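Here's the structure, in structure tokens; my notes come after.
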Amino acid sequence: MTALLAGFSAGLPWCAPISAFYLPIGLKFGCLPHVNQSLFCCGNGDELLDLQEHTQEVLRYRKQALNNAADNMDTLLSEAEGAVGPQGLCPAAAAALVTLHRLFVEARVLAVGGLEVLRMGIQDMTCQVCWASEPSRSAQVARVLNRDLQAILDRLSDLRSGLPASQPCLPAQWRHLDAAAAFPNDVGLRPGGLRALQQWMESIAVVLTAAAGEFNSMAFELRLGSSSAAAPDGGGAVEGVVREVPVPNLPMERRAAVLIEGCAELSYPKVDFITAGKEDCTKFWRKFPYASASTSVMLPDAFLRAAVATDAALPAAAALEVLRRGVETGTEVLELPEGLVPAPLLPAFDPRALDALPRPKKALVFVCKHTTFCGGHGDRLFGLLSAYLAAILTNRSFFVDMLTPLPLEAVLAPRRPWPAVTGGCSTYRWTSAEDLTDLEGEVASLLADEREVVCIASNVRLFKALLQLDQQRDFARAGLLAGLFRDLFLLGAGPADVLRSFLGSLGPRKLLGIHFRAGNESDWSDPARHGLPDLGQALACAAALEQLLGLPGDTAWLLASDTIKVREESTVARLHAAGKIVYLESRPTHIDRSTPDAHAVLESWAVWWALAFHAEALVLSHSNFGWSAAEIGQRRAFHFPTCRPAD
């Protein structure tokens with residue numbers, strides 16, 4: 001039996017009367033009778049209340065995810081009825097789906113019950129930590145909670161052992177589940193105060209809901225059929241090709257570039273301005289801050305490179321005129337005006353450095369299970385590649401355990417052995433749903449973590465915090481994400497077939513990509529991004545880029561969107577009828593927000609790959625789907641409301 005609360009006494013010492021102070025206004029926390037809620041040990045109580053609020057939010061999210069999965073399983077089973085035969089499921093797959101449905105129902109009930117046990121247990125444990133209590137009573141609370149949770153996890157483990165055996169007609173990925181690296185449960189509580197208790201709670205919540213999510217994903221994969229999943233040796237897979245790192249800006253006259261640590265709305269002939277802010281850039285589009293100046297794309301490609309000196313004012317027109325004249329005269333060695341300093345310049349990231357890395361015994365696993373808030377294509381790729389960089393910088397081998405909405409191996413085939421199956425793992429949660437104000441401190445905790453296996457669940461970019469650990473500046477370079485991604489992945493056989501069919505229909509025509517994210521016009525719940533009337537701006541930008549880049553007149557525009565409504569717009573319909581606008585996907589989908597559709601998921605990855613590795617340039621909207629394709633594929637990219645280069 002795993003000691004889920006191992007290390008609790010050392011990590012979170014009980015609140016003793018001798019170390020407590022009198023709290024005149026008691027916090028009503030629902031503690032057991034033996035707890036003295038007048039004697040308090042947790043400061044002003046803010047951290048305790050934050051933990052309580054965060055716990056409720058985490059458990060609510062997971063319960064909702066389990067409810068959504070229940071609907072999905074019922075739909076899959078209903079669709080499969082009568083679908084057995086040459087055009088549908090083979091008998092073994094149909095029987096496996098029935099078994100998975102039965103296992104899922106029990107796993108979901110156990111998970112919901114386990115989450116409730118965990119909620120009450122966290123409340124009882126924080127009472128022992130923050131209010132005075134008898135040590136023997138506190139030990140009893142920990143012992144009972146450990147027993148109850150372990151009983152649930154043991155039963156969930158028994159359910160996994162009841163999975164149907166592999167059959168020839170089952171999906172290829174199904175037959176290779178045993179080939180993934182397996183890691184034992186390791187979710188014992190470590191020192192670290194209430195923060196450690198929060199991490200432990202999140203890790204246990206993932207373990208409790210993992211089995212139901214796995215059964216849901218496996219049932220979803222059955223609907224793909226036996227020929228759609230990628231074989232682990234990459235058979236039928238496609239390699240992503242990056243032509244040049246960093247991608248050249250434009251085939252035009254020489255330019256100067258000025259890096260500004262902050263926001264500015266400047267414009268000057270022959271000078272590009274690279275702003276490295278985010279939170280203070282509310283007036284115009286900003287996805288995220290740069291990790292460092294050396295990761296910029298436009299900066300290394302500029303003829304003259306400068307940065308605004310620390311604490312200096314924004315450059316005046318006279319200073320910018322010096323840069324403009326230097327560009328026009330071809331003067332590379334230029335005395336920079338006051339307030340400007342030479343911008344740092346490093347060679348692009350060399351992915352061959354990854355081949356020389358050792359493969360240490362300690363491991364870091366990126367987890368994206370059914371209830372871990374993974375995000376869409378771009379969000380989870382940024383989180384995953386951040387985790388890969390974290391593994392490298394903390395000297396750990398890297399693995400991926402991603403099962404939603406399909407096992408990742410079904411869409412991205414491994415170039416190196418990263419597939420993994422995690423039971424319970426102490427997990428660092430760095431997602432857009434968390435408070436990441438102390439991310440540097442969290443990264444420091446990861447660096448000092450001595451556990452053999454740690455997990456990261458993330459859907460955000462962590463590069464700025466992580467690259468502070470890169471003392472030799474080996475990774476803070478342009479093209480980093482392209483190198484990390486291509487070291488891990490090929491396009492899996494299923495989406496590769498979709499992509500090959502699309503490219504074959506184009507023939508020798510070149511491709512220009514347009515990604516339009518409306519948000520609230522889709523079939524799923526999503527915040528508004530761009531209104532449908534803005535679509536004309538995106539098309540105008542595409543036309544301008546085709547001329548600017550000197551692309552032939554028969555260049556095809558691949559329009560990808562989160563809503564089918566864009567195809568009803570009159571200009572789009574006319575250009576599509578003329579063969580100018582082309583589509584790759586039959587209908588849009590979102591791999592985190594929409595109702596799962598197996599074929600649509602394959603198409604969505606084929607679309608992303610086409611934008612990343614086959615488009616001459618991209619027109620971007622406010623979405624990480626297109627941005628990740630541009631950055632990983634090193635494509636020229638332009639943000640359509642202004643049609644300015646997107647660095």
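Computed from a predicted model, the values in this text were never measured in an experiment.
Leu385 places none of its side-chain heavy atoms less than 4.5 Å from the side chain of Leu389. Using a 4.5 Å heavy-atom cutoff, the side chains of Cys374 and Asp379 are not in contact. Proximity of Leu406 to Ser217: side-chain heavy atoms (C-beta onward) are nowhere separated by under 4.5 Å. Annotation: side chain of Val365 is not in contact with side chain of Val400 (no heavy-atom distance under 4.5 Å). Taking the side chain as every heavy atom from C-beta outward, His590 and Pro588 never approach each other to under 4.5 Å. Side-chain contact between Leu539 and Thr571 is present, with at least one heavy-atom pair separated by less than 4.5 Å. No side-chain heavy atom of Leu412 sits under 4.5 Å from any side-chain heavy atom of Leu490. In this structure the side chain of Val258 never reaches within 4.5 angstrom of the side chain of Asp272, judged on heavy atoms.
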With side-chain hydrogen bond (donor to acceptor under 3.5 Å, both in side chains) as the criterion, how do His377 and Ser604 come out once you've worked through the C-alpha distance, each side chain's angles and the decisive distance to 0.1 Å? CA-CA 9 Å; His377 296 72; Ser604 69; 3.0 Å; yes

Going through the checks in order, is the side chain to side chain contact (heavy atoms under 4.5 Å, CB included) test met by Asn459 and Trp430? CA-CA 7 Å; Asn459 64 355; Trp430 296 326; over 6 Å; no

Run the numbers on Arg380 and Met402 for side chain to side chain contact (heavy atoms under 4.5 Å, CB included), then give the verdict. CA-CA 10 Å; Arg380 66 181 63 192; Met402 183 185 294; 3.7 Å; yes

Apply the test side-chain hydrogen bond (donor to acceptor under 3.5 Å, both in side chains) to residues Ser623 and Arg517: give CA-CA distance (whole Å), side-chain angles for both, the deciding distance (0.1 Å), then the verdict. CA-CA 6 Å; Ser623 170; Arg517 180 77 175 268; 3.0 Å; yes

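Contact between His576 and Ile581 at its shortest, heavy atoms only, is ND1-O, 3.0 Å. A pairwise comparison of heavy atoms in Ala617 and Leu549 identifies CB-CD1, 3.5 Å as the closest pair. Closest non-hydrogen pair, Ile456 versus Ala390, comes out as CD1-CB, 4.1 Å. Heavy-atom minimum distance, Leu499 versus Leu491: CD2-CD2, 3.8 Å. In terms of heavy atoms, Leu575 sits closest to Trp557 at CD1-CZ3, 4.1 Å. Heavy atoms only, all atoms of each residue included: Glu214 and Lys369 are closest at OE2-NZ, 3.9 Å.
In this structure, CG in Leu408 is found 9.0 Å from CZ in Phe366, a value given to the nearest 0.5 Å. The distance from atom CZ of Phe399 to atom CG of Leu364, rounded to the nearest 0.5 Å, is 10.0 Å. Summarising the geometry, atom OG belonging to Ser621 is positioned 7.0 Å from atom NE2 belonging to His639; distances are rounded to the nearest 0.5 Å. With rounding to the nearest 0.5 angstrom, the CD atom of Glu616 is 7.5 Å from the CZ atom of Arg636. We find the CG-CG distance between Leu584 and Leu511 to be 9.0 Å, quoted to the nearest 0.5 Å. Going from atom OG of Ser386 over to atom CG of Leu466 covers 6.0 Å, rounded to the nearest 0.5 Å.
Panel note: side chain Ser561, backbone Val566; no donor-acceptor pair is recorded below 3.5 Å. With hydrogens and angles disregarded, no donor-acceptor distance shorter than 3.5 Å links the side chain of Thr589 to the backbone of Val601. Between the Asp470 side chain and the Asp474 main chain, a donor and an acceptor come within less than 3.5 Å of each other. Judged by distance alone, the side chain of Arg477 and the main-chain N or O of Arg473 form a donor-acceptor pair under 3.5 Å.
Legend: residues meeting side chain to side chain contact (heavy atoms under 4.5 Å, CB included) with Cys643, ordered by chain and number and at least two apart, are Cys541, Leu545. Take Arg509 and apply the salt bridge (Lys or Arg N to Asp or Glu O under 4.0 Å) test, not counting sequence neighbours, and it matches no residue. Not counting sequence neighbours, the partners of Ala629 by the side chain to side chain contact (heavy atoms under 4.5 Å, CB included) test are Trp608, Leu611, Ala612, Leu618. Remark: Thr75 pairs with Glu79 by the side chain to side chain contact (heavy atoms under 4.5 Å, CB included) rule, at least two apart or across chains. In this structure, Glu603 has no salt bridge (Lys or Arg N to Asp or Glu O under 4.0 Å) partners at least two apart in sequence or on a different chain. Legend: residues meeting side chain to side chain donor-acceptor pair (under 3.5 Å) with Gln537, ordered by chain and number and at least two apart, are absent. Considering only residues two or more places apart in sequence or on other chains, Arg500 meets the salt bridge (Lys or Arg N to Asp or Glu O under 4.0 Å) condition with Asp497. Every side chain to side chain contact (heavy atoms under 4.5 Å, CB included) that Pro269 has, sequence neighbours left out, goes to Arg324.
Between Phe640 and His530, the ring center distance clears the sub-6.0 Å criterion.
If you check the side chains of Ser458 and Thr431, you find no donor sitting under 3.5 Å from an acceptor.
A salt bridge (charged side-chain N to carboxylate O under 4.0 Å, His left out) check over residues 483-493, counting only residues at least two apart or in different chains, returns the pairs Glu239-Arg486, Arg416-Asp487. Counting only residues at least two apart or on different chains, the salt bridge (charged side-chain N to carboxylate O under 4.0 Å, His left out) pairs with a member in residues 545-561 are Glu546-Lys580. Counting only residues at least two apart or on different chains, the ring-ring contact (aromatic ring centres under 6.0 Å, His included) pairs with a member in residues 486-506 are Trp418-Phe489, Phe485-Phe489.
For Asp523, the CG atom counts as loosely surrounded, since its 6.0 Å shell holds 12 or fewer non-hydrogen atoms of other residues, nucleotides or ligands.
Under the 30°/60° scheme for interplanar angles, the aromatic rings of Phe463 and Phe382 are found to stand perpendicular.
Under 4.0 Å is where a charged nitrogen must lie from a carboxylate oxygen, and between Glu569 and Arg574 no such pair does. Using a 4.0 Å cut-off between a side-chain N of Lys or Arg and a carboxylate O of Asp or Glu, Asp562 and Arg529 do not qualify as a salt bridge.
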Distance-only donor-acceptor pairs under 3.5 Å for side chains of residues 347-355, two or more places apart:
from, atom 1, to, atom 2, distance (Å)
Asp350, OD1, Arg352, N, 3.0
Asp350, OD1, Arg352, NE, 3.1
Asp350, OD2, Arg352, NE, 3.2
Asp350, OD2, Arg352, NH2, 3.0

